[in-house]
A.B. asks: 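One structure is given below, represented as structure tokens, and several questions about it will come after.
We use all heavy atoms of the structure for the numbers below, so side chains are in, but hydrogens, waters and symmetry mates are not.
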Amino acid sequence: MRHFWLGKLDSHALPHAWFTIGGTAVFLLAALITVIIITRMKRWKWLWNEWLTSVDPKKIGIMYFIVGGVMLLRGGLDALMMWLQQALGASNMPGIGGEAAHGYLSSEHFQQIFTAHGNIMVFFVAMAFIFGLINYIVPLQIGARDLASPFMNTLGFWLYVGGVLMVNMFFMFGGEYAATGWLAIAPLSGKVFSPGVGVDYWIWSLQISGVGSTLGALNFILTILKMRAPGMTLSKMPLFTWGSLFSMLMAVTVFPLLTATLFLSFFDRYLGTHFFTMTAGGDPMMYTNLIWMWGHPEVYILMLPAFGVFSEVVATFSRKPIASYKSNVIGMAGVSFMALSVWLHHFFTMGASTDVNAFFGLMTLIVAIPTAVLFFTWIATMRGGMIRFETPMLWFLGFVAIFAVGGLSGLILAFPPADFQLHNSLFLVAHFHFNVIGGVLFGIFCGINYWFSKFTGFKLNQRIGRQAFWCWILGFCLSFIPMLILGLMGATRRLDHYDASTGWQPFFVLMLIGGIVIAIGTVLQLVQIFASVIQRHRLYDATGDPWDGRSLEWGTTSPPPSYNFTVIPTVTSFDTFWEAKKNHALPGPAYEDIVIPKNTAAGIYIALFAFLLGFGFVWEMNWLAVVSIIGIIVVLITRGYNEHSEYILTAAEVEKNEEKRAELHKKRLEQHKAALHEEEMGLVDFMRYMLKLGMNYIRQKRRKRT
């Protein structure tokens with residue numbers, strides 16, 4: 001009976017190692033502090049009604065940013081732990097000088113951190129930020145009030161949150177994560193080599209969030225294709241929208257492959273099948289093909305929206321239209337198409353024929369051509385432009401420098417003979433990070449700095465933002481240039497210790513220093529946000545268009561109302577908002593009835609049942625899995641029969657709401673004018689402010705006691 005109710009779950013699954021105890025304590029403490037703060041502020045009802053159950057894509061986008069930011073800190077901590085282990089991991093040859101020193105982590109623990117870091121940064125950081133940007137910006141850019149399916153949008157987000165919980169659940173129950181590498185290559189991920197629950201947590205965290213990503217991608221495609229403003233043909237769409245469209249088309253192509261592959265891996269572990277094992281006719285190479293048919297396009301799924309961000313930023317801060325709109329679109333189309341046919345270069349060393357290797361090597365080289373086209377359009381746009389070196393433009397220029405090195409190292413790896421030597425080395429790891437951090441993460445930071453005023457109503461602090469940028473650039477170079485050198489020297493990836501005679505330790509120490517500098521840059525980004533909140537009156541976005549932008553999102557107030565536009569605009573050209581400003585033809589106020597979707601908690605309930613489904617299968621609690629499946633079906637049916645999921649906001653109500661917004665804007669504009677004499681806050685100013693705030697708080701507490 002006990003096995004029926006609890007499955008494999010017993011006292012041994014509770015936290016018992018230092019890292020699981022510490023992780024559990026941190027998560028519980030953070031949850032407790034959050035509960036206390038919200039309770040003392042009496043904001044539970046507001047939080048539920050205004051945010052958690054909201055179907056407004058702008059609020060869902062901000063929630064993606066918040067959860068993705070927390071996971072960025074989590075994944076960054078994993079990276080620092082790995083760099084510290086490698087810096088301390090030099091040892092003498094066995095039998096010489098006593099027992100070898102292996103750093104502060106065991107090999108098993110290091111591999112778990114390695115796996116968790118990769119999963120978190122790709123699935124739960126990069127995807128979250130990209131989906132957040134698309135949620136907020138694309139409907140505004142195409143002149144839509146919402147996404148095609150508001151319910152599907154909130155469901156996708158909460159499934160992502162369910163995956164976030166699952167990927168961290170091993171701290172509390174299980175004590176281990178997968179030690180298989182971030183893609184859990186078979187047969188290492190099979191039951192024989194990984195008998196614990198770590199791989200099961202890996203499977204279900206990716207499965208739950210992956211289904212949410214697929215639903216989100218379908219929703220974005222439908223929105224872009226069917227909900228554009230009148231006059232906005234495909235040839236007039238903004239370039240960030242184009243990048244998002246190509247990205248999501250790739251996602252709906254390859255994410256079902258991931259779902260199927262994860263189910264087959266689950267069947268091997270749970271039902272004893274042999275799809276990916278050598279026994280009973282299985283084939284591990286089939287797993288490698290399937291997972292990389294998703295895995296390599298996933299990099300471009302993340303990168304294409306970032307390319308769209310860079311296209312928007314370069315045009316805005318060069319004060320010119322993009323040099324060749326059609327070339328830019330064709331370049332993104334070429335990247336998305338060719339990226340689907342290069343996955344086998346990830347296993348040139350696995351015994352494929354020379355003809356197969358030659359084809360995939362050639363395709364890997366060819367995919368550089370449309371990428372180069374994009375670079376040429378950006379450079380041509382800057383040529384002769386009146387460039388403003390604001391923080392978003394700095395992130396773009398940093399991307400150009402870092403991504404160029406990543407692209408050149410990728411061309412080296414495209415040749416099978418070179419890849420045979422470098423495939424399992426740190427050279428490949430460095431190449432991946434030059435592309436993903438330089439291309440994706442820098443693109444995300446660029447987009448957030450660019451559109452932050454649209455999210456919040458005030459700009460980010462430029463002074464601290466520049467300091468954060470330079471810390472990221474310096475730290476990145478210190479961390480990953482030595483990694484390229486180590487790869488050429490023969491250092492393998494997933495390496496937790498090595499012999500001191502190799503001479504590798506100084507490079508690993510340099511990597512650790514670089515990681516610390518990146519961590520300082522991350523802290524500065526948090527300080528940048530807090531300092532901006534403190535000086536929000538000075539940094540207030542008085543016009544809704546602080547950068548003199550070109551596309552429709554800059555024609556709304558900052559932040560926009562829940563319905564985005566009082567009247568859907570009519571588009572006449574590619575840079576329609578820029579043309580309207582130039583010709584002094586901005587439309588006056590007008591109002592019409594608007595259909596607004598109602599908030600719903602159905603997405604939360606389905607995601608909760610999906611999480612319990614995965615947890616039940618991880619611990620072999622079949623009753624919990626069955627109940628969860630029934631729960632998901634019941635919620636879906638209930639939601640499907642709900643005929644009152646929308647309401648009408650009348651034109652009179654819209655006008656009244658706009659009048660209130662105008663009054664609030666007038667008040668904030670007066671505060672903005674009064675605060676213009678203030679200097680922009682620097683890091684020292686922020687520290688003084690926080691110290692003063694803390695001292696005032698202590699004085700108030702003492703007064704209350706006396």
A.B. asks: Within the 3.5 Å criterion, strictly below it, is a donor on W378 or S311 matched to an acceptor on the partner's side chain?
C.D. replies: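 Yes - a donor-acceptor pair under 3.5 Å links their side chains.
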A.B. asks: Strictly by modelled atom types, are H345 and H296 linked by a side-chain donor-acceptor pair under 3.5 Å?
C.D. replies: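 Present: a donor and an acceptor within the cut-off.
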A.B. asks: Around Y104, counting heavy atoms of other residues, nucleotides and ligands shown, do more than 12 lie under 6.0 Å from its OH?
C.D. replies: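 For Y104, atom OH is crowded (more than 12 foreign heavy atoms under 6.0 Å).
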A.B. asks: For M350, is the CE atom crowded, meaning more than 12 foreign heavy atoms sit under 6.0 Å from it?
C.D. replies: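 Yes, enclosed.
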A.B. asks: Can you check whether Y498 and F508 have ring centres sitting under 6.0 Å from each other?
C.D. replies: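 Yes, the ring centres sit under 6.0 Å apart.
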A.B. asks: Output, in order, the C-alpha distance, side-chain angles, deciding distance and verdict of ring-ring contact (aromatic ring centres under 6.0 Å, His included) for F65 and F455.
C.D. replies: CA-CA 11 Å; F65 292 147; F455 304 154; 5.2 Å; yes
A.B. asks: When you check the side-chain N and O atoms of T316 and Y450, is any donor under 3.5 Å from an acceptor?
C.D. replies: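 Side chains of T316 and Y450: pair found under 3.5 Å.
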A.B. asks: Is there a side-chain contact between P370 and M338, using heavy atoms and a 4.5 Å cut-off?
C.D. replies: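 Touching, per the 4.5 Å side-chain cut-off.
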A.B. asks: Any luck finding a side-chain donor-acceptor pair between N168 and Y201 under 3.5 Å?
C.D. replies: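 No, Y201 and N168 have no side-chain donor paired with an acceptor closer than 3.5 Å.
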A.B. asks: Verify the distance criterion only: is there a donor paired with an acceptor across the side chains of T377 and N328 at less than 3.5 Å?
C.D. replies: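 N328 and T377 do have a side-chain donor-acceptor pair below 3.5 Å.
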A.B. asks: Would you say the side chains of N449 and Q528 form a donor-acceptor pair under 3.5 Å?
C.D. replies: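 N449 vs Q528: donor-acceptor pair found between side chains.
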A.B. asks: Evaluate ring-ring contact (aromatic ring centres under 6.0 Å, His included) for W451 paired with Y136, printing each intermediate quantity in order.
C.D. replies: CA-CA 9 Å; W451 282 305; Y136 207 109; 9.3 Å; no
A.B. asks: Tell me, with the steps shown, if N424 and T492 meet side chain to side chain donor-acceptor pair (under 3.5 Å).
C.D. replies: CA-CA 6 Å; N424 198 42; T492 60; 5.1 Å; no
A.B. asks: Verify the neighbour count for atom CZ of F420: are there more than 12 heavy atoms of other residues, nucleotides or ligands below 6.0 Å?
C.D. replies: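 More than 12 heavy atoms, drawn from other residues, nucleotides or ligands, come within 6.0 Å of this atom.
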A.B. asks: Could you tell me whether F415 atom CZ has more than 12 heavy atoms of other residues or ligands within 6.0 Å of it?
C.D. replies: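 Open.
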A.B. asks: Can you see whether W504 engages Q86 through a side-chain donor-acceptor pair at a distance of less than 3.5 angstrom?
C.D. replies: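 No, because no side-chain N or O of W504 sits under 3.5 Å from a partner of the opposite role on Q86.
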A.B. asks: I'd like to know whether CD of Q421 has more than 12 heavy-atom contacts from other residues, nucleotides or ligands below 6.0 angstrom.
C.D. replies: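 Counting other residues, nucleotides and ligands, CD of Q421 stays at 12 neighbours or fewer.
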